[in-house]
2 protein chains.
Amino acid sequence: MRNNATLKKISDHLNVSISTVSRALKDHPDVSPDTKKRVKELAMLMDYEPNAFAVNLRKKHSNVFAIIVPEISNFFYHSFVQAVEEDARRIGYSVMILQSMNDPEVEEQNLRLCRHNHVAGIFVSITNRTTDIAPFKKLEAIDIPLVFFDKVPTDDTFNKVSIADYESGWMAAEHLLTAPAKHVLLVMGNNKLSITRRREEGFTDYYHKHQCKKKLAVVYADHIEEARQAVLDYFAANKNTPTAIFSMSDEIMCGVLKAIHTLNLQIPKDIQLLTISNGFLPTLFTPDISFVKTSGYDLGKLSFVRMQEIMGGKKFVRENFLTSSYYPGGSM
Amino acid sequence: MRNNATLKKISDHLNVSISTVSRALKDHPDVSPDTKKRVKELAMLMDYEPNAFAVNLRKKHSNVFAIIVPEISNFFYHSFVQAVEEDARRIGYSVMILQSMNDPEVEEQNLRLCRHNHVAGIFVSITNRTTDIAPFKKLEAIDIPLVFFDKVPTDDTFNKVSIADYESGWMAAEHLLTAPAKHVLLVMGNNKLSITRRREEGFTDYYHKHQCKKKLAVVYADHIEEARQAVLDYFAANKNTPTAIFSMSDEIMCGVLKAIHTLNLQIPKDIQLLTISNGFLPTLFTPDISFVKTSGYDLGKLSFVRMQEIMGGKKFVRENFLTSSYYPGGSM
DNA sequence: AACATTTCCACAAACGTTTGCAGTCATCGC
DNA sequence: GCGATGACTGCAAACGTTTGTGGAAATGTT
C-alpha cells in the first residue's frame with residue numbers, strides 16, 4: 001500500500017490543474033481563497049507530501065547540509081553538530097552527518113555523496129592525511145558552499161572557521177608553566193595539521209619569550225594508542241621525572257591518562273596535566289583535568305553564520321577564529 | 001562555472017541519442033563496443049556524474065541508509081554506525097546519521113526527512129520518550145524498511161535487534177553480588193524503556209533466585225546529571241554505607257562516577273562498581289571499571305543482516321538478541 | 001459602451017534519467 | 001532475391017514538481 005498522494009491525483013479529484021494545486025499549497029496569490037481551502041483540505045486528507053526528488057530535480061539543490069568529520073567519537077564535534085542542527089532547523093534545513101574514519105578515500109566518497117545529492121552546503125573537518133584538495137575544489141565548481149572548521153587545510157582559497165589555536169597554545173603554556181615540574185612534555189596530534197602546528201607554536205613562543213628554563217620535549221600522535229605509547233616511551237627514557245604535560249586534545253588526553261594509569265603515577269603530585277578540550281571529558285576524572293576550553297558549540301554557530309553569508313552570495317574568502325578561555329581543574 | 005555534464009550534452013557531442021549514452025555507460029549489451037568506448041571516454045573527460053535527483057525520481061528510492069539515534073555522544077552508537085557503514089559501503093550505499101536529541105518531535109522530523117528522501121532503509125534507536133509509533137507505521141506503509149536497535153519500542157509488529165538485556169542484567173548481578181558490600185544500588189535509565197526493564201529484571205531475578213541478603217535499592221535517571229544527583233541523594237540517606245553499584249550504561253556510569261568523585265569515595269574500597277558498556281569508557285579510569293560488554297559493532301552487523309533480509313522481501317517480523325560477556329576491571 | 005485592469009486558472013516546458021518499443025540496416029540461409 | 005535473424009540505435013513516455021506565459025471571465029474606469 002504505497003503512499004501515492006501526488007499533485008496530479010489531487011488535481012484530478014478536484015478538477016483543477018496540477019499547477020493550481022501546486023500554487024494553492026504554497027499560498028500563491030494567484031489562486032482564490034476558496035480553491036486554496038479545498039486543495040489544502042484534500043491534501044491533508046490524502047496525506048500529501050511533496051516528492052523531494054522531483055522538487056530537488058527542479059530546484060537543482062536539496063535542503064540538507066552535510067557535516068563531514070574524521071570521527072564522530074569526539075566530544076568536540078558533538079556540540080558543533082548540535083549548534084549547526086539548531087540553526088539549520090530554524091531555516092527549515094536538515095543536517096546529515098558523515099564520518100570519514102580518518103581515511104581520505106572515505107572522505108572523498110562522502111564528498112561525492114554530497115555532490116550527487118547537491119547538498120545545500122558542507123561543513124568539513126578534514127582528515128589527518130588529507131592532501132588532495134581537488135575534490136573540494138570540485139564542490140565549489142558546482143556552487144556547493146564549503147566551510148572548513150577545526151581541522152582545516154592550509155590552502156587559503158577556502159573559507160575556514162577555527163579555534164584561535166595559537167592563542168590557546170599560548171594560554172596553555174601560560175598556565176602549565178607555573179606547575180612545579182622541571183620538565184615539560186607536549187603531546188601533540190598529527191604535526192602536518194595546521195591546528196597542531198599553531199597550538200605548538202603558541203605554546204613554544206610563550207615558552208621562549210619567557211625564557212622558561214624547564215626542559216621541553218614534544219611528541220606527536222595520531223590517535224589514542226599512539227599517544228599512550230608516546231608517553232610510555234617518554235617515561236621509559238625519563239624515569240621518575242616529575243613532568244608537566246600539555247595535551248592538545250581530548251583524544252590525546254585519553255591516551256596520556258591511560259599511560260599515566262599504567263605507570264601508576266599520581267596527578268597532580270607526580271604529573272601535572274593540562275589539556276585543550278570541549279569541557280566534557282575533563283570533568284569525568286578525579287581530579288578534574290584543567291583545560292583550555294574550545295567551544296564546539298560556538299564554533300558551530302560561527303560556522304553557520306559563515307555558511308549563510310556564502311549562500312547569500314558573499315564570495316570573499318575568510319578565516320575566522322574563535323577565542324578560548326582557561327578552566328582550572330585539579331590536575332595542576 | 002557549473003558542472004553541467006549531462007547525458008544530453010554527451011549525446012550532442014557524439015551525435016548519438018541520450019538513450020544510447022545512458023545504456024553505454026552501464027554496459028548494456030545493446031550498444032556496440034565502439035560507441036561504448038567513445039561514450040565512456042567523453043564522459044570521463046567531461047567528468048560526467050549522473051544526477052542523483054533524476055535517478056532517484058525515476059527509480060523512486062535513493063541508496064542511502066539512515067541511522068537515527070537519540071544522541072551521537074554515545075560510544076555504543078559509534079561502533080554501531082561503523083559496522084553499518086562498512087556493510088553499506090560494500091553494497092554501494094551510503095549512510096546518513098541523524099540525531100533526535102532525545103526529543104520525540106525532532107525524531108519525527110528526522111523520520112519525515114527520511115520519508116521525503118525515500119531512504120533505502122532506516123536503523124533507529126528510539127527516544128526515551130517516544131510513545132507515538134504512527135510515524136514509524138507510516139514508513140512501512142511506503143515500503144521503507146525499518147530496523148529498530150538497542151532502544152526498541154514494545155510494539156511487536158516491528159523488526160528489532162537488541163542486546164540480550166535480561167541476560168546482561170543477570171550476568172551483571174552474577175558478578176556484582178560477589179562484591180563485599182552489603183548494600184546494592186541499581187542506577188538505571190528511563191524505566192519506561194524495555195531495555196531498562198529487562199536489564200533490571202535480569203538483575204533482580206538473579207538476586208531473588210539466589211536469595212541474596214544484601215539490601216537492594218533502585219534509582220532511575222534519564223541522563224548524566226540525574227544519575228549523579230540520584231547517587232548523591234542515595235548517599236545522603238545512607239552515609240558511609242559500602243555499596244556495590246550497578247550502572248546500566250556508559251552515560252549512567254559517568255553520572256555515578258561524578259557523584260563518587262564529589263563524595264570523595266574510593267573504588268573499590270568504599271564502592272564497587274560494575275557497568276554495562278561498549279568497552280571504551282571503562283578503560284579510561286583508574287581503576288578500570290568492570291563491565292559487561294555489549295558490542296555496538298556486532299549489533300550493527302546483525303542489524304544490517306536483518307535490513308538486507310527485509311529489503312530482499314522477507315517480510316516476517318522478528319526480534320534478534322545479541323549475547324554479551326563479562327570483562328573484569330579493577331572496580332570490584 | 002468601449003476599453004483597461006484584475007482575478008483566477010490552465011497549458012506546457014523544463015529538470016535528467018531510465019526503459020519499452022520500434023525502427024534501420026546489414027548479414028545470412030535458402 | 002526474399003524473408004528472417006541479429007546488431008545497433010533512436011523515439012518517446014514517464015517519474016513529480018515548479019513556473020513563465022497566456023487566456024477567459026469578472027470587475028473597474030471613462
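In what follows, every chain begins at residue 1, and chains take the letters A, B, ... in the order their sequences are listed.
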| field | Ala88(A): partners by side chain to side chain contact (heavy atoms under 4.5 Å, CB included), with sequence neighbours left out | value | Phe65(A), Tyr93(A), Val95(A), Phe304(A)

| request: Round to a whole Å and report the spacing from CG of Leu25(A) to C1' of dG16(D). | output: 13 Å

| said: Using OP1 and OP2 only, check whether a side-chain N or O of Ser32(A) sits under 4.0 Å from dC9(C). | reply: yes

| field | Separation of atom CD in Glu49(A) from atom C1' in dT17(D), rounded to whole Å | value | 15 Å

| Between C1' of dG16(D) and CG of Asn56(B), the distance in whole Å | 13 Å

| field | Any donor-acceptor N or O pair under 3.5 Å, side chains Lys151(A), Thr127(A) | value | no

| query | Rounded to the nearest Å, what distance is computed from the CD1 atom of residue Ile142(B) to the P atom of nucleotide dG16(D)? | reply | 13 Å

Protein N or O to nucleotides 19-23 of chain C N or O, pairs below 3.5 Å:
from	atom 1	to	atom 2	distance (Å)
dG20(C)	O6	Arg23(B)	NH2	2.7

| Tell me: NE2 of His118(B) to P of dC15(D), nearest whole Å? | 14 Å

| query | Taking atom P of dG16(C) as reference, at what distance in whole Å does atom NZ of Lys60(B) sit? | reply | 21 Å

| task | Can you label the angle between the Phe158(B) ring and the Phe136(B) ring as parallel, tilted or perpendicular, going by 30° and 60°? | result | perpendicular

| Roughly, in whole Å, what's the span from CG in Asn51(A) to P in dG16(D)? | 6 Å

| message | Between Tyr297(A) and Phe80(A), is the ring centroid distance below 6.0 Å? | response | no

| task | Quick one: list whatever passes side chain to side chain contact (heavy atoms under 4.5 Å, CB included) with Ile144(A), sequence neighbours left out. | result | Ile122(A), Leu139(A), Ile142(A)

| field | Counterpart residues, side chain to side chain donor-acceptor pair (under 3.5 Å), relative to Arg89(A) (two or more places apart) | value | Gln109(B)

| field | Test item: side-chain donor near acceptor, Ser19(B) and Ser22(B), under 3.5 Å | value | no

| said: Just by distance, no angles: are the side chains of Gln99(B) and Tyr77(B) close enough, under 3.5 Å, to form a donor-acceptor pair? | reply: no

| query | Is there a residue in residues 6-16 of chain B whose heavy atoms reach under 4.0 Å of DNA chain C, and which residues are they? | reply | Thr6(B), Leu7(B)

| field | Short side-chain N/O contact from Thr35(B) to OP1 or OP2 of dC8(D), under 4.0 Å | value | no

| Can you name the side chain to side chain contact (heavy atoms under 4.5 Å, CB included) partners of Lys8(A), sequence neighbours left out? | Thr6(A), Asp12(A), Ile18(A)

| query | What's the closest nucleotide to the Leu57(A) side chain, out of dC15(C), dC8(C), dT17(D)? | reply | dC15(C)

